[in-house]
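Presented below is the structure to which this report refers.
All values reported here derive from a predicted model rather than from experimental measurement. Order of listing sets the numbers, starting from 1, for every ligand and every atom in it.
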Amino acid sequence: MKILIDKAMPYYLDYFSELGEVAAFAEGHLLEQDLSQVEVLLVRSTTKIDNTVLTHMPKLKFVGTATAGYDHFDIKAIEAAGVYWCSAAGCNAIAVTQYAVLAVLTIACEQGFLLADKKIAIVGHGNVGRRVKEAMSVLGANVVIYDPPQVDKLTARAIENSLSDTNYVNFDEVLSADIICIHAPLNSDPAYPSQHLFNTRTLAQLNSNQILINAGRGGVVDNTALLTRLTLPNAPSIVLDVWENEPFIKRDLIPLVRFATAHIAGHSLEGKAKGTHILYERLCEYIQTPAKISVESLLPAFTCDIPPSLQAQLNKQTLRSDIDYQTAILALCKLVYNIENDDSVFRQHMSQSDSFKVIRQDYPIRREFSALAIEASNKYTQECLRGLGFIISNDSEYFN
Ligand SMILES: NC(=O)c1ccc[n+]([C@@H]2O[C@H](COP(=O)([O-])OP(=O)(O)OC[C@H]3O[C@@H](n4cnc5c(N)ncnc54)[C@H](O)[C@@H]3O)[C@@H](O)[C@H]2O)c1
Ligand SMILES: O=C(O)[C@H](O)[C@H](O)COP(=O)(O)O
């Protein structure tokens, strides 16, 4: 079985070399390969799979993307060609959540507000949105959800129940939230279009006390309208990980947003490795072979010293509504991931040239909070750090 894989998928040889004859291609160079005998094609989000590719691949049986989003797949064309397809739903949900946590906590500490005093609206309550809700809730925020497809899927009775415990809101309420986190796909479903959900009209309703984060897909925010909005008075603070027309984005936006990154919110080592792993499991299922390899067996160890003063601060019995405590949580998160580094690399490189693609290809190894085990002596710190995804080294529930 000939398997062709995007080189950007970590551990692809560890996973797939026992399942077939593996060859790899670099992003942007798929059509330069001999595709005539390929039966399995594994890609990431930068490779479009449409009729142009499919006509070169008469033997293709299985195509997978090691990413959560699959808007680069022409599903109709793939299914019409009789090819099995799959994505890696949820693989990088933790990574994106940690990106959102870093963005929000950093801005909160800069502006001197407490998350416990804020309302956060999450647009898209899927694998990512659910985790963002959990993380922001443990930090004390009041979290509401906007996800019309999900609401519509519930029965009338379930809607009644979940309205009280999941806090679904309408879009007007989203626009009045203090912080808006976009984690929706670019949805081509005409019943729930997400393209330009944030446009001239809706962006005009945001003000300088609000923060808008887009870590879903670039097209959910009209970037032309955003550029105009950001040059007008009373503009909101913006965080953009995803952009319209990547990799050739509107560079004029960069100086006007608080955090600008190169579509790397999901690029933790764990997130990318889980993407490869999910495709491995799906292919094993497809060819009816037992899956033997685990992600944990491949990930390297992570070491990092926690400064004693920070450890002491976290162990102090404290209240949620304490700015020093929030600052300490941010300092701990930054030991594992610091969004400011990604932002400064992006600004520096993008000010010189259109280097979006190169920044992504050269992205350094980034770990998730779960790589760091920390002792937490008080219950609130344990609950908070566990909710953010850290391992609590003295957690009897975890280790027994
Ligand atoms: N920045 C990144 O690196 C990165 C990483 C992972 C995912 N993503 C993007 O984020 C999206 C969400 O990821 P996920 O893993 O949570 O996907 P998911 O499929 O688990 O969840 C998507 C949710 O969005 C909802 N939704 C669909 N259309 C909507 C609309 N018009 N308005 C509001 N909600 C809507 C769906 O009902 C679903 O609950 C992906 O599709 C992908 O495009 C980006
Ligand atoms: O949808 C996804 O999973 C993300 O957007 C993913 O992180 C994109 O990563 P890429 O394939 O572009 O490296």
Checklist entry - Pro148 heavy atoms, cut-off 4.0 Å: which ligand 1 atoms fall inside? => result 32 (N), 33 (C)
Checklist entry - What is the nearest protein non-hydrogen atom to atom 19 (O) of ligand 1, stated with its residue, atom name and distance? => result Asn127 ND2, 5.0 Å
Tabulation required: pairs of a nitrogen or oxygen in ligand 2 and a protein nitrogen or oxygen under 3.5 Å; columns are atom names and distance to 0.1 Å; otherwise 'none'.
from	atom 1	to	atom 2	distance (Å)
ligand 2	1 (O)	Gly69	N	2.7
ligand 2	1 (O)	Arg217	NH2	2.8
ligand 2	3 (O)	Ala68	N	2.6
ligand 2	3 (O)	Asn92	ND2	2.8
ligand 2	5 (O)	Arg217	NH1	2.8
ligand 2	5 (O)	Arg217	NH2	3.3
ligand 2	5 (O)	His263	NE2	2.6
ligand 2	7 (O)	Asn92	ND2	3.4
ligand 2	9 (O)	Arg44	NH2	3.2
ligand 2	9 (O)	His267	NE2	3.1
ligand 2	11 (O)	Arg44	NE	3.1
ligand 2	11 (O)	Ser45	N	2.7
ligand 2	11 (O)	Ser45	OG	3.2
ligand 2	12 (O)	Ser45	OG	2.6
ligand 2	12 (O)	Arg360	NH1	3.0
ligand 2	12 (O)	Arg360	NH2	2.9
ligand 2	13 (O)	Arg44	NE	3.1
ligand 2	13 (O)	Arg44	NH2	3.2
ligand 2	13 (O)	His267	NE2	2.8

Checklist entry - Do Tyr325 and Met136 sit in the same hydrophobic cluster, where Ile, Leu, Val, Met, Phe, Trp and Tyr count as joined when their side-chain heavy atoms come under 4.5 Å apart? => result yes
Item to check | Shortest heavy-atom approach to atom 5 (C) of ligand 1 - which of Asp189, Thr67, Val96 | outcome: Val96
Checklist entry - For ligand 1, which atoms sit closer than 4.0 Å to a heavy atom of His263? => result 1 (N), 2 (C), 3 (O)
Checklist entry - Which bit of Tyr99 is near ligand 1, meaning a heavy atom under 4.0 Å away: side chain, backbone, both or neither? => result neither
Checklist entry - Which of these, Gly216, Ala265, Gly126, has its nearest heavy atom closest to atom 23 (C) of ligand 1? => result Gly126
Checklist entry - Are Phe62 and Trp85 close enough that their ring centers fall under 6.0 Å? => result no
Checklist entry - Would you call Lys7-Glu27 a salt bridge at under 4.0 Å N-O? => result no
Next on the checklist: Checking a contact table here: which protein heavy atom is nearest atom 16 (O) of ligand 1, and how many Å away?
Outcome noted: Val128 N, 2.8 Å
Checklist entry - For ligand 1, which atoms, with element, lie under 4.0 Å from some heavy atom of His183? => result 11 (C), 12 (C)
Checklist entry - Should you measure from each heavy atom of Pro193, which atoms of ligand 1 turn up under 4.0 Å away? => result 31 (N)
Checklist entry - Considering residues at least two apart in sequence or located in another chain, which fulfil the side chain to side chain donor-acceptor pair (under 3.5 Å) criterion with Tyr99? => result Thr261
Checklist outcome for this item: Taking only non-hydrogen atoms of Val242 and a 4.0 Å limit, the atoms of ligand 1 in range are 1 (N)
Checklist outcome for this item: Near Asn92 (heavy-atom distance under 4.0 Å), the atoms of ligand 1 are 5 (C), 6 (C)
Checklist entry - Considering distance alone, does some N or O of Gly266 sit under 3.5 Å from an N or O of ligand 1? => result yes
Next on the checklist: Return the closest protein heavy atom for atom 4 (C) of ligand 1 as residue, atom name and distance.
Outcome noted: Ala215 O, 3.7 Å
Next on the checklist: Please confirm whether the ring centroid of Tyr84 lies under 6.0 Å from the ring centroid of Tyr286.
Outcome noted: yes
Next on the checklist: Can you check which of Gly124, Pro185, Ala95 brings a heavy atom nearest to atom 22 (C) of ligand 1?
Outcome noted: Pro185
Next on the checklist: For atom 42 (C) of ligand 1, what's the nearest protein heavy-atom neighbour? Residue, atom name and distance, please.
Outcome noted: Arg217 NH1, 3.6 Å
Next on the checklist: Which of the numbered atoms in ligand 1 are under 4.0 angstrom from any heavy atom belonging to Asn187?
Outcome noted: 27 (C), 28 (N), 29 (C)
Next on the checklist: What protein heavy atom lies closest to atom 39 (O) of ligand 1? Include the residue and the distance to one decimal.
Outcome noted: Asp147 OD2, 2.6 Å
Checklist entry - Minimum heavy-atom separation for Trp243 to Lys250, with atom names? => result CZ3-O, 4.3 Å
Checklist entry - When the ring centroid of Tyr146 is compared with that of Phe171, is the distance short of 6.0 Å? => result yes
Item to check | For atom 1 (N) of ligand 1, the protein heavy atom that lies nearest, with its residue and separation | outcome: Asp241 OD2, 2.9 Å
Checklist outcome for this item: Numbered in order shown, the ligand 1 atoms found under 4.0 Å of a heavy atom of Ala68 are 6 (C), 7 (C), 15 (O)
Checklist entry - To the nearest 0.1 Å, how far is atom 31 (N) of ligand 1 from its closest protein heavy atom, and which atom is that? => result Tyr192 O, 3.0 Å
